[in-house]
Amino acid sequence: MLFESNILALLKSLPSQKLELEKKQMRELLRQRRRIMTKDEVLAQSTRVLEQLEQLPAFQSAQSVLIYYPTHNEVDLLPLIKKYKRQKTFLFPVVRGRAMQACPYEGNAKMHRGKYNIPEPTTPPYRGEIDLILVPGVAFDLQGNRLGRGGGYYDRFIKSQPPTTTLVGVAYDFQLVDKVPANRHDQKMHHVIAPA
């Protein structure tokens with residue numbers, strides 16, 4: 001009887017184990033591809049993403065925008081801050097334990113290195129509603145599925161936001177794939193922007 005219950009438990013876990021293996025393999029492959037990008041490639045593709053993003057009605061109307069600090073050759077959205085700092089409140093993610101908060105950007109003097117050595121604001125958490133979240137990822141598909149780094153920080157944070165918050169995944173051309181392995185915990189994007 002114990003043997004049968006072990007077999008049943010194993011069979012139930014197989015689909016999730018297969019999904020996690022697919023995610024791991026896709027992460028490794030696309031991270032390697034991103035790491036070998038030249039500075040010129042990063043700049044050219046980031047510029048094209050920025051141009052598309054600025055045309056998006058959800059960006060144009062947003063008052064509060066959660067952005068991220070790019071690491072390991074991620075799409076660089078930081079030029080948005082300089083260009084729109086008078087019209088929009090920009091927020092950055094701050095990691096506290098297993099949770100993520102959004103804190104306002106008030107200049108580089110109020111930034112420090114956070115848990116993963118990524119710059120984070122030292123300002124108190126933002127208490128208003130966030131209109132737009134610009135979400136980094138390892139891969140996206142056209143159905144809005146996203147493959148993140150694997151920590152689940154964005155998925156948990158997004159789940160706590162109201163349905164009025166617009167989610168925009170930003171990616172390089174090679175990060176847009178046919179199908180991202182996703183489960184029910186993975187939060188879908190409303191839009192995905194990648195260079196055409």
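Using a 4.5 Å heavy-atom threshold, the side chains of His112 and Glu120 count as touching. Between Lys88 and Ser64 the shortest side-chain heavy-atom distance does not fall below 4.5 Å. The side-chain heavy atoms of Arg27 and Leu147, taken from C-beta on, include a pair separated by under 4.5 Å. Here the side chains of Leu50 and Leu80 are in contact, with some heavy-atom distance below 4.5 Å. In this structure, the side chains of Thr166 and Asp131 stay at 4.5 Å or more apart for every pair of heavy atoms. Side-chain contact check for Gln187 versus Lys159: some heavy-atom pair is nearer than 4.5 Å. Using a 4.5 Å heavy-atom cutoff, the side chains of Thr71 and Arg149 are in contact. Between Val49 and Gln52 the shortest side-chain heavy-atom distance does not fall below 4.5 Å.
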Test log, rule side-chain contact (heavy atoms from CB on, under 4.5 Å), inputs Leu142 and Val192: CA-CA 7 Å; Leu142 291 176; Val192 176; 5.9 Å; no
Working note: Met189 + Ile158, criterion side-chain contact (heavy atoms from CB on, under 4.5 Å); need CA distance, chi angles, decisive distance, verdict. CA-CA 10 Å; Met189 303 293 103; Ile158 288 167; 4.1 Å; yes
Given Leu78 and Tyr105, is the side-chain contact (heavy atoms from CB on, under 4.5 Å) satisfied, shown in steps? CA-CA 11 Å; Leu78 296 180; Tyr105 174 76; over 6 Å; no
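Residue Gln60 holds its CD atom at 9.5 Å from CG of Leu53, rounded to the nearest 0.5 Å. To the nearest 0.5 Å, atom CG of residue Asn73 and atom CZ of residue Arg35 are 9.5 Å apart. Here the straight-line distance linking atom CG of Leu134 with atom CG of Leu132 works out to 4.5 Å at 0.5 Å rounding. From Glu74, atom CD reaches atom OH of Tyr172 across 8.0 Å, with rounding to the nearest 0.5 Å. To the nearest 0.5 Å, atom CD of residue Gln55 and atom CD1 of residue Ile193 are 10.0 Å apart. A distance of 11.0 Å separates CG in Leu167 from OH in Tyr154, rounded to the nearest 0.5 Å.
Heavy atoms from other residues, nucleotides or ligands lying under 6.0 Å from NE2 of His72 number 12 at most.
For the residue pair Val135 and Arg146, the shortest heavy atom distance occurs at CG1-NE, 3.2 Å. The two residues Glu41 and Thr38 make their nearest non-hydrogen contact at OE1-N, 2.9 Å. The two residues Gln87 and Gln63 come nearest to each other via the heavy atoms O-OE1, 3.7 Å. Minimum heavy-atom separation, Pro125 to Pro104: C-CD, 4.4 Å. The nearest pair of heavy atoms linking Met26 to Val138 is O-CG1, 4.3 Å. Nearest approach of Phe140 to Val180, heavy atoms of both residues: C-CG2, 3.5 Å.
No donor-acceptor distance shorter than 3.5 angstrom exists from the side chain of Asp173 to the backbone of Pro195, with no hydrogens or angles considered. In terms of modelled atom types and a separation under 3.5 Å, the side chain of Lys23 and the main chain of Ala182 share no donor-acceptor contact.
Grouping the Ile, Leu, Val, Met, Phe, Trp and Tyr side chains by contacts below 4.5 angstrom, directly or via other members, places Leu43 apart from Met37. No continuous path of hydrophobic side-chain contacts links Val75 to Leu29 [ILVMFWY only; heavy atoms under 4.5 Å]. Both Tyr116 and Met100 are part of a single hydrophobic cluster, where members link through side-chain heavy atoms under 4.5 Å apart. Side-chain heavy atoms closer than 4.5 Å link hydrophobic residues (I, L, V, M, F, W, Y) into clusters, and following such links, even through other members, never connects Val94 to Leu66.
Pairs of residues two or more places apart, or lying in two chains, that qualify as salt bridge (Lys or Arg N to Asp or Glu O under 4.0 Å) and include a residue from residues 98-110 are Glu106-Lys110. Pairs engaging residues 37-71 under the ring-ring contact (aromatic ring centres under 6.0 Å, His included) rule: Phe59-Tyr84 [sequence neighbours left out].
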